[in-house]
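To keep things clear, I will list the structure first and then write my remarks on it.
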Amino acid sequence: MIRRLKVWVAFLVSLLFCGDILWGCLGKTGKQESVKFQQYFAVGEQLYIKNCSNCHQKSGVGLGLLYPPLNTSDFMDKNPEKVICLIKYGIEGELLVNGSQYNKAMPGIPSLTELEIAEISTFLFNSWGRKKGIIETERVSSTIEHCQD
Ligand code: HEC
C-alpha cells in the first residue's frame, strides 16, 4: 500500500516537474516569436509611412479613385502574394478593389530588401483589423522568385 503511494507521489512530482519545464519552454519560444513579430511590425510601420503613406495615407484609406485603400481591401485579402510582388515591382493597369475600379500606375521600389518587404507586409497584414501573423523573409524570397512568371 505504502509502496503504491510512493509510486504515485513520484509520478505526481515528475508530472509537476515536466509540466513546469514544458511550460517554461513554450513560454520562452512564444516570447522570442513575439519579440521578432514586434520588431518586424514596428520597422514595417516606419517603412510604410516613409514609402507608401504619401499615396495610400497613414491610415490606409487611400485617396478617392486615385489611390486604392489598404485598410480594407478585398484585393489584399485575396492576393497576399501579389501584394509582396507589387511592393517590389509596382503594378499598373485596371485594378478592382472593393468594387471600385482603379487605373493608375504604382511605381515599385526595387531597392527594398526582402527583409524590408517582409517587415512592410507584416505591418500591412496585422493592421486595420488583420491578424495574419509575421510574414517571414523566406516567404518573401520564394514569392519574389515567381513574381514575373
Ligand atoms: C505614388 C503613389 C503610390 C505609392 C508611393 C504606393 N502606391 Fe500602392 N498603389 C498606388 C496605385 C495608383 C495603385 C493602383 C494600381 C493600379 O491601378 O493598377 C496601388 C495599388 C496598391 C495595392 C493593391 C490595391 C489595394 O488597394 O489593395 C497595394 C496592396 C499597394 N498599392 C500597396 C502599397 C505599398 C505597401 C506601398 C509602399 C511600399 C505603396 N503601395 C506605395 C499608388 C501608390
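Read the numbers this way: they start at 1 and go in the same order the structure lists the ligands and their atoms.
P68 is not listed as a side-chain neighbour of F75, based on a closest heavy-atom distance of 4.5 Å or more. Here the side chains of M76 and F125 are in contact, with some heavy-atom distance below 4.5 Å. By the 4.5 Å heavy-atom criterion applied to side chains, I117 and T143 are not counted as neighbours.
Side chain of Q57 to backbone of C55: a donor-acceptor contact under 3.5 angstrom is found. Although no hydrogens or angles enter the test, the distance criterion places no donor-acceptor pair under 3.5 Å between the side chain of T122 and the main chain of F41. Looking at D74, its side chain never comes within 3.5 Å of a backbone N or O of V97 through a donor-acceptor pair.
Partner of I87 under the side-chain contact (heavy atoms from CB on, under 4.5 Å) criterion, out of V140, L112, N51: L112 alone.
A tilted orientation is assigned to the rings of Y48 and F123, their planes being inclined by 30° to 60°.
Summarising the geometry of K58 relative to I49, their closest heavy-atom pair is CE-CD1, 3.9 Å, with the distance given to 0.1 Å.
The protein heavy atom nearest to atom 26 (O) of ligand 1 is P69 O, 2.7 Å. Nearest protein heavy-atom contact of atom 5 (C) of ligand 1 is N51 O, 3.3 Å. Annotation: atom 27 (O) of ligand 1 to nearest protein heavy atom, S73 OG, 2.7 Å. Nearest protein heavy-atom neighbour of atom 18 (O) of ligand 1: G93 O, 2.6 Å. In this structure, atom 12 (C) of ligand 1 lies nearest to the protein heavy atom K104 O, 3.3 Å.
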Mind running salt bridge (charged side-chain N to carboxylate O under 4.0 Å, His left out) on R139 and E81 for me, showing each step along the way? CA-CA 9 Å; R139 180 166 164 202; E81 311 300 324; 2.9 Å; yes

side-chain contact (heavy atoms from CB on, under 4.5 Å) assessment of Y102 paired with I91: CA-CA 11 Å; Y102 296 85; I91 183 168; over 6 Å; no

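Listed by chain and residue number, the protein N/O/S atoms under 2.8 Å of atom 8 (Fe) of ligand 1 are H56 NE2, M106 SD, with waters left out.
Near L66, meaning under 4.0 Å from one of its heavy atoms, ligand 1 places the atoms 12 (C). Short contacts between ligand 1 and L124, defined as distances under 4.0 Å to a heavy atom of the residue, involve ligand atoms 35 (C). Under a 4.0 Å criterion applied to the non-hydrogen atoms of N103, ligand 1 contributes the atoms 17 (O). Near F75, with a cut-off below 4.0 Å to any heavy atom, the atoms of ligand 1 are 23 (C), 24 (C), 27 (O). Each of the following atoms of ligand 1 lies closer than 4.0 Å to a heavy atom of V97: 24 (C), 25 (C), 26 (O). Close approach of ligand 1 to Y102 is summarised as follows: ligand atoms under 4.0 Å from at least one heavy atom of the residue are 17 (O).
With a 4.0 Å heavy-atom cut-off, ligand 1 is reached by no atom of L47.
Around atom CD of E92, no more than 12 heavy atoms belonging to other residues, nucleotides or ligands sit under 6.0 Å away.
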